[in-house]
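One structure is given below, encoded as C-alpha cells.
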Amino acid sequence: MATNEETQTRRERKRKFGGGSSSTRGRDVVGLRGVLVTSDTGREGRATSEALTVLAEWADRLFPPEGTGTEVPAAAASDGLDTELAALRQRNNASLRFRRVDLSGGDVIKGVSFLESVDPAVDVVRLVSEVVRDMTGAQVKPSRYINRILPIETTCRARIPDIVAAFEPLLQRVLPDSTGEVDPQGRTYAVAFKKRFNSDLDRLEVINAVATLVKRPHTVNLTHPDITLVVEVLKKTAGISAIPGYQEMKKMSIRQDSKEDGSNKRQKVDLTHTTPPHQAFP
C-alpha cells in the first residue's frame with residue numbers, strides 16, 4: 001500500500017508533468033505544437049509518463065521558467081529522481097509545460113501518443129534534439145520505454161492543401177528562397193513521411209507536393225540532408241516539422257534495440273522518401 005509521502009509525490013509529478021489526458025472532443029487539433037512519442041505496443045502509458053518526465057526536466061534546463069534561474073548542465077539535470085522532486089517542491093509556481101492530447105478522435109492508435117507543448121517559450125525542435133543527443137550519449141541513462149521522440153512544430157488536417165499551407169511558413173525560415181541573402185549557397189533536404197490509420201493520402205503525392213515548395217539553391221540529399229521535412233499522419237491529423245540532423249540522430253530514436261531504430265533497413269525504406277531533384281524543382 002502506498003504511503004502518504006508516495007501518494008503526495010505522485011500528485012506532485014502529475015501537476016508538474018501534465019499526467020492527465022486532454023480530450024479533443026469539441027476541440028480543433030489544428031495548430032498544435034508538441035512531441036510525438038512512439039513505443040512498443042502495450043507500453044504506451046509507461047512511455048508517455050517517461051516522456052513527460054524527460055521533457056519537463058530538459059525544458060526546465062533549456063528554457064527555465066521565469067524566476068527559476070538560468071540553464072544548468074546536462075549532468076545536473078540527470079542526477080536522479082530525488083533531486084528532481086526536491087527541486088519540484090520548491091517551485092510551487094512552476095507552470096504546466098506539456099499535456100497529453102488525443103489526436104485520433106478517441107480511437108486507440110497503438111504505440112503512439114502526442115504531448116502538446118503549452119509553453120510558447122519552448123522550442124520543441126531544439127528541446128527534442130537535445131534530449132535525443134543526451135540520451136543516446138554516454139552521460140545519460142537511455143530510455144526504457146520510448147522508441148522515438150519526434151518534435152512537431154504544428155498540426156493540420158491530413159489533406160495535401162493543408163499540409164502544403166502548414167509547411168510554407170516553416171520553409172521560409174529553414175529553406176528560404178534564393179532571392180534572399182540568407183544562406184546563398186543553399187542547403188540539402190529530404191522528406192520523411194509516415195502515416196497511421198489513414199488510407200486517403202498517397203505517399204508520393206504528399207512528398208512531391210512538399211518538395212515542390214522548396215526552391216533553388218536548395219537540393220535533395222538522400223543520405224545526409226541538412227534539413228529533413230517530416231510529415232507524420234495520425235488518422236485525420238498531420239504533424240509536420242523541419243528537423244536539422246534528423247538522419248544523424250537516427251530519426252530521433254532513443255532506444256537502439258527498438259523496432260524503429262534506424263538500423264532496421266526495412267523501416268528505413270518505408271519511412272523516408274525523397275523526390276529526385278528534377279521533381280523537386282519543376
(request) Output all residues satisfying side chain to side chain donor-acceptor pair (under 3.5 Å) with Arg43, sequence neighbours left out; order by chain, then residue number. (result) none
(message) Main chain of Leu175, side chain of Arg187: is a donor-acceptor contact present, judged purely on distance under 3.5 Å?
(response) no
(request) Applying side chain to side chain donor-acceptor pair (under 3.5 Å), name anything that partners Arg159, two or more places apart in sequence or on another chain. (result) Asp162
(message) Just so I know, are the side chains of Thr212 and Val214 near enough to count as touching, which here means a heavy-atom distance under 4.5 Å?
(response) no
(request) Check whether any side-chain heavy atom of Arg97 sits under 4.5 Å from a side-chain heavy atom of Ser117, and report yes or no. (result) no
(request) Before accepting this row, confirm whether a basic side-chain N of the pair Arg196/Glu232 lies closer than 4.0 Å to the acidic partner's carboxylate O. (result) yes
(message) Going by salt bridge (Lys or Arg N to Asp or Glu O under 4.0 Å), name the residues that satisfy it together with Arg157, two or more places apart in sequence or in a different chain.
(response) Asp28
(message) With heavy-atom distances below 4.5 Å as the criterion, would you say the side chains of Leu127 and Leu55 are in contact?
(response) yes
(message) For the CD1 atom of Ile240 and the CG atom of Leu171, what is their distance to the nearest 0.5 Å?
(response) 8.0 Å
(request) Find out if a path of hydrophobic residues (ILVMFWY) with successive side-chain heavy-atom gaps under 4.5 Å connects Val37 to Tyr145. (result) no
(message) Under a 3.5 Å distance rule, please check whether Thr41 uses its side chain to pair with a backbone N or O of Lys110 as donor and acceptor.
(response) no
(request) Following the transitive rule for hydrophobic clusters with a side-chain heavy-atom cut-off under 4.5 Å over Ile, Leu, Val, Met, Phe, Trp and Tyr, establish whether Leu222 and Phe193 coincide in one cluster. (result) yes
(message) For a quick test of reading the model, state the closest non-hydrogen atom pair linking Glu248 to His224 and the distance between them.
(response) OE2-ND1, 3.4 Å
(request) Quick one: pull up CD in Glu168 and CG in Leu213 and give me the separation to the nearest 0.5 Å. (result) 5.5 Å
(message) Among residues at least two apart in sequence or on other chains, which ones pass side-chain contact (heavy atoms from CB on, under 4.5 Å) with Ser129?
(response) Val125, Arg133, Met249, Met252
(request) Calculate, to the nearest 0.5 Å, the distance between atoms CZ and OG1 belonging to Phe167 and Thr154 respectively. (result) 10.5 Å
(request) Mark yes or no for whether Arg33, through its side chain, and Asp123, through its backbone, hold a donor-acceptor pair below 3.5 Å. (result) no
(message) List the residues meeting side chain to side chain donor-acceptor pair (under 3.5 Å) with Glu44, not counting sequence neighbours, and say none if there are none.
(response) none
(message) When you measure from the side chain of Glu153 to the backbone of Val124, do you find a donor-acceptor pair of N or O atoms at a distance under 3.5 Å?
(response) no
(message) If I compare all heavy atoms of Phe63 with all of Arg126, which pair ends up nearest, and what's the gap?
(response) CE2-NH1, 3.6 Å
(request) Search all heavy atoms of Thr136 against all heavy atoms of Ser253 and return the closest pair with its distance. (result) CG2-O, 3.6 Å
(request) Show the numbers, then the answer: is there a side-chain contact (heavy atoms from CB on, under 4.5 Å) between Val128 and Ile243? (result) CA-CA 10 Å; Val128 175; Ile243 306 176; over 6 Å; no
(request) Indicate yes or no for a side-chain donor-acceptor contact from Ser241 to the backbone of Pro151 under 3.5 Å, with no hydrogens or angles considered. (result) yes
(request) Could you list the residues that satisfy side-chain contact (heavy atoms from CB on, under 4.5 Å) with Ser143, not counting sequence neighbours? (result) Glu50, Met135, Ile146, Ile254, Arg255
(message) Are the side chains of Asp226 and Pro244 in contact, using a 4.5 Å heavy-atom criterion?
(response) no
(message) I need the minimum non-hydrogen distance between Gly186 and His218, along with the two atoms involved.
(response) CA-ND1, 3.5 Å
(request) Could you grab the distance from atom CZ of Arg100 to atom OG of Ser49, nearest 0.5 Å is fine? (result) 6.5 Å
(request) Decide whether Asn147 and Ser39 meet the rule of one side-chain donor and one side-chain acceptor closer than 3.5 Å. (result) no
(message) With a 4.0 Å cut-off on N to O distance, would you call Arg99 and Glu116 a salt bridge?
(response) yes
(message) To the nearest 0.5 Å, what is the distance between OG1 on Thr219 and OH on Tyr189?
(response) 8.0 Å
(request) Considering non-hydrogen atoms only, spot the tightest contact between Val210 and Ile163 and give its length. (result) CG2-CG2, 4.1 Å
(request) Kindly indicate whether the side chain of Lys194, heavy atoms from C-beta on, has any atom under 4.5 Å from the side chain of Val231. (result) no
(request) Decide yes or no for Val101 and Leu115: does some side-chain heavy atom of the first lie under 4.5 Å from some side-chain heavy atom of the second? (result) no
(message) How close do Asn221 and Ala190 get, counting heavy atoms only, and between which atoms?
(response) O-CB, 3.7 Å
(request) Output all residues satisfying side chain to side chain donor-acceptor pair (under 3.5 Å) with Asp200, sequence neighbours left out; order by chain, then residue number. (result) Lys236
(message) Check this for me, if you would: do Asp134 and Arg61 make a salt bridge, where the nitrogen-to-carboxylate-oxygen distance has to be below 4.0 angstrom?
(response) yes
(request) For Ile152 and Phe114, run side-chain contact (heavy atoms from CB on, under 4.5 Å): C-alpha distance rounded to whole Å, both residues' side-chain angles, the deciding distance at 0.1 Å, then the answer. (result) CA-CA 9 Å; Ile152 299 297; Phe114 180 76; 3.9 Å; yes
(request) Please lay out, stage by stage, how Ile160 and Glu205 fare under the test side-chain contact (heavy atoms from CB on, under 4.5 Å). (result) CA-CA 8 Å; Ile160 289 179; Glu205 288 182 2; 3.8 Å; yes
(message) If the condition is side-chain contact (heavy atoms from CB on, under 4.5 Å), which residues does Ala158 pass it with, not counting sequence neighbours?
(response) Asn198, Leu201, Val233, Ala238
(message) Nearest 0.5 angstrom please: Phe98 CZ to Leu52 CG, how far?
(response) 8.5 Å
(message) Measuring only between side-chain heavy atoms, which start at C-beta, is Val230 closer than 4.5 Å to Leu150?
(response) yes
